[in-house]
Amino acid sequence: MPEFDEHQTENQKEFNASEVIIHHVLDDHIWHLFDGHYGTIYLPVIVYSSEKGLDVFSSHHFYDEHHNVVEYNGYKLEHNHILLAGTEKAVLDLSITKNVAMLLINATLLILVFLAVAKGYKKNQGKAPSGIQSFFEPIIVFVRDEVVKPNIGHHYEKFLPYLLTLFFFILFGNLLGLLPGAGNLTGNIAVTVTLAALTFIITNVSGNKGYWSHIFWTPGVPLPLRLVILPVEILGLFTKPISLTIRLFVAITAGHIVMLSLICLTFIFGSIWVGFGSSLILLFISLIELLVAGIQAYVFTLFTSLYIGMAIADHDHH
Amino acid sequence: MELLTPGTGLIIWQLIVFVGLFLLLSKLAWKPIISSLKERETSIQEALSTAEKARLEMAQLKSDNEKLLKEAREERDKILHGAREAANRLKDEAQLEAKKAADRIIEDARAAINIEKQAALKEVKIQVAMFSLEVAEKLMKKNLADDKSQKELVEAYLKDIKVN
């Protein structure tokens with residue numbers, strides 16, 4: 001798991017744990033797996049700016065042979081942001097960063113796994129499930145019967161594909177993120193905010209008349225109260241996706257920070273015994289993180305189902 | 001803090017990849033998986049309900065059989081009862097008939113005896129009259145000199161009568 005930057009371990013500068021930790025949970029233009037010549041993958045940079053148009057090049061160009069950050073082709077890398085050298089103007093950075101690479105790996109894995117599962121259903125038609133199919137079937141059935149169906153109700157089938165994709169994307173992302181050297185995909189706020197935004201859009205697009213009337217003109221409430229409820233309800237519209245964004249981001253990032261902090265203890269104290277002790281605790285925390293990976297996928301899917309269910313519920317009983 | 005500011009690039013990638021993933025998996029994975037699961041569940045449900053129906057039918061059949069058996073038993077009892085009654089009736093009738101016949105026979109016998117008795121009496125009367133006539137004739141034939149000889153004669157004749 002530890003992947004310490006060369007300039008810190010090699011130069012034996014004063015060890016700055018918080019810098020190391022933050023660096024590891026953040027996105028990067030290179031993927032540093034281990035020290036040495038082959039330990040770093042220089043990911044492709046894709047940038048667009050109105051001044052220079054579209055540019056694609058390897059992030060290797062930002063580093064000289066001593067691994068110092070240099071300018072390249074009029075671009076400057078500063079704290080993982082690519083700027084135009086001179087004007088210091090930010091460009092649209094569509095680079096395959098470490099997290100984008102993780103995202104693509106995650107998506108590829110999901111496709112491979114679930115196409116194999118689907119193939120199992122074709123192969124074992126009318127028969128008992130086998131292999132990878134029988135491993136994932138209980139999880140799919142769990143998501144369908146325990147998460148989606150009770151919260152959405154009759155029309156759950158329309159939303160099931162999205163919720164299954166969401167659940168497995170987060171679950172696989174969380175688990176992949178725990179691998180040594182892996183990027184912190186589902187602990188990145190850009191990823192969680194996108195997922196939450198999709199949930200927000202789906203919820204409000206499928207919202208029925210009852211849902212909107214409850215927000216804008218809550219029935220059965222006196223007029224002066226309605227004036228209070230209206231802003232609260234509108235605020236509520238946005239607190240839902242915000243809570244989704246922050247919950248997943250914080251849970252995963254915090255887990256990574258805890259684990260990295262335990263590793264850093266060894267280097268702060270410079271003692272093998274501390275390393276031994278912190279490794280034991282780390283093992284325990286890693287197991288908890290496995291649990292958290294599942295729980296967070298479950299919670300995100302559960303709340304999405306709940307929000308959709310609330311938006312399409314029949315309000316006739318009021 | 002950079003940790004809290006979502007990167008535009010990653011948002012765009014995430015959106016494209018996730019939506020693409022969703023479309024691809026929906027079509028190639030979730031659709032067949034969900035429909036297969038549903039199909040299997042319906043077939044299991046159907047099998048279960050068919051079994052339940054068969055069980056109910058069996059129970060129905062059993063109770064029908066029992067009902068039939070009960071009815072048959074009742075029918076048998078009724079028939080036996082009827083037969084016994086008929087037998088009793090026949091027996092009674094036969095007895096009555098026999099008694100009647102016997103009475104008639106006795107009556108006839110009695111009547112016949114009476115007729116015979118009358119006939120016999122008539123015969124006896126005729127015989128007595130004949131004897132009387134014979135006695136009288138014999139008396140008249142003999143000289144009836146004295147009383148003594150008359151007495152002797154009567155007695156002698158009476159003796160003869162006794163012999164007859």
Side-chain angles (χ1 to χ4, degrees), chain A residues 22 25-27 46-47 79-81 90 92-97 99-100 103-104 106-107 110-111 113-122 124-129 133 136-137 140-141 144 157 160-162 164-166 168-169 185 187-195 197-198 245 249 253, chain B residues 1-70:
Chain A
I22 292 301
V25 295
L26 283 180
D27 206 355
I46 305 167
V47 283
H79 298 294
N80 275 328
H81 290 291
L92 180 60
D93 185 2
L94 293 173
S95 305
I96 308 294
T97 58
N99 277 340
V100 174
L103 171 68
L104 295 172
N106 194 15
L110 281 164
I111 288 166
V113 166
F114 287 101
L115 287 193
V117 173
K119 209 171 119 197
Y121 282 95
K122 214 169 280 172
N124 299 325
Q125 202 160 23
K127 279 188 270 179
Q133 178 196 7
F136 281 101
E137 181 175 308
I140 295 169
V141 171
R144 188 193 64 181
E157 267 181 44
L160 193 52
Y162 170 70
L164 282 171
T165 314
L166 191 65
F168 285 108
F169 179 87
L185 178 67
N188 189 297
I189 200 162
V191 171
T192 63
V193 83
T194 311
L195 294 176
L198 286 172
T245 304
F249 155 69
T253 301
Chain B
M1 196 160 147
E2 211 196 328
L3 201 59
L4 294 172
T5 49
T8 327
L10 189 52
I11 290 181
I12 292 166
W13 277 108
Q14 168 69 17
L15 194 66
I16 293 166
V17 172
F18 187 81
V19 170
L21 187 70
F22 162 66
L23 294 175
L24 201 74
L25 285 183
S26 295
K27 194 170 169 341
L28 298 178
W30 306 135
K31 211 170 127 191
I33 289 172
I34 292 165
S35 69
S36 299
L37 277 175
K38 214 169 163 186
E39 212 170 274
R40 196 198 302 154
E41 274 156 18
T42 3
S43 84
I44 289 171
Q45 194 57 50
E46 264 170 17
L48 282 176
S49 57
T50 311
E52 177 67 14
K53 227 169 82 185
R55 200 184 63 79
L56 284 176
E57 268 172 12
M58 278 299 289
Q60 178 74 38
L61 219 66
K62 211 174 138 198
S63 81
D64 277 1
N65 278 347
E66 263 165 19
K67 219 172 100 190
L68 274 174
L69 210 69
K70 207 177 140 207

Side chain, backbone, both or neither of [X] within contact of chain B (heavy atoms, under 4.5 Å):
X	result
A/Leu164	both
A/Asn80	side chain
A/Phe114	both
A/Leu198	side chain
A/Phe249	side chain

Is there a side-chain contact between [X] and [Y] (heavy atoms, below 4.5 Å)?
X	Y	result
B/Thr8	A/Asp93	no
A/Thr253	B/Leu3	yes
B/Pro32	A/Lys119	no
A/Val100	B/Gln14	no
B/Trp13	A/Leu94	yes

Interatomic spacing from [atom1] in [X] to [atom2] in [Y] - rounded to 0.5 Å:
X	Y	atom1	atom2	answer
A/Glu137	B/Ile33	CD	CD1	9.0 Å
B/Ser36	A/Gln133	OG	CD	8.0 Å
A/Asn106	B/Leu21	CG	CG	7.5 Å
A/Tyr121	B/Glu39	OH	CD	12.0 Å
A/Asn99	B/Leu10	CG	CG	5.5 Å
B/Leu25	A/Leu110	CG	CG	6.5 Å

Subject >> Least distance between heavy atoms, B/Pro6 atom then A/Ala190 atom >> reply: CB-CA, 3.6 Å
**OP:** Could you please spell out the steps behind the side-chain contact (heavy atoms from CB on, under 4.5 Å) verdict for A/Gln125 and B/Arg40?
**Re:** CA-CA 9 Å; A/Gln125 202 160 23; B/Arg40 196 198 302 154; over 6 Å; no
Original post:
Excluding sequence neighbours, so at least two apart, what forms side chain to side chain donor-acceptor pair (under 3.5 Å) with A/Thr165?
Top reply: B/Trp30
Subject >> Residue-level contacts of residues 57-67 of chain B with chain A, using a heavy-atom cutoff under 4.5 Å >> reply: none
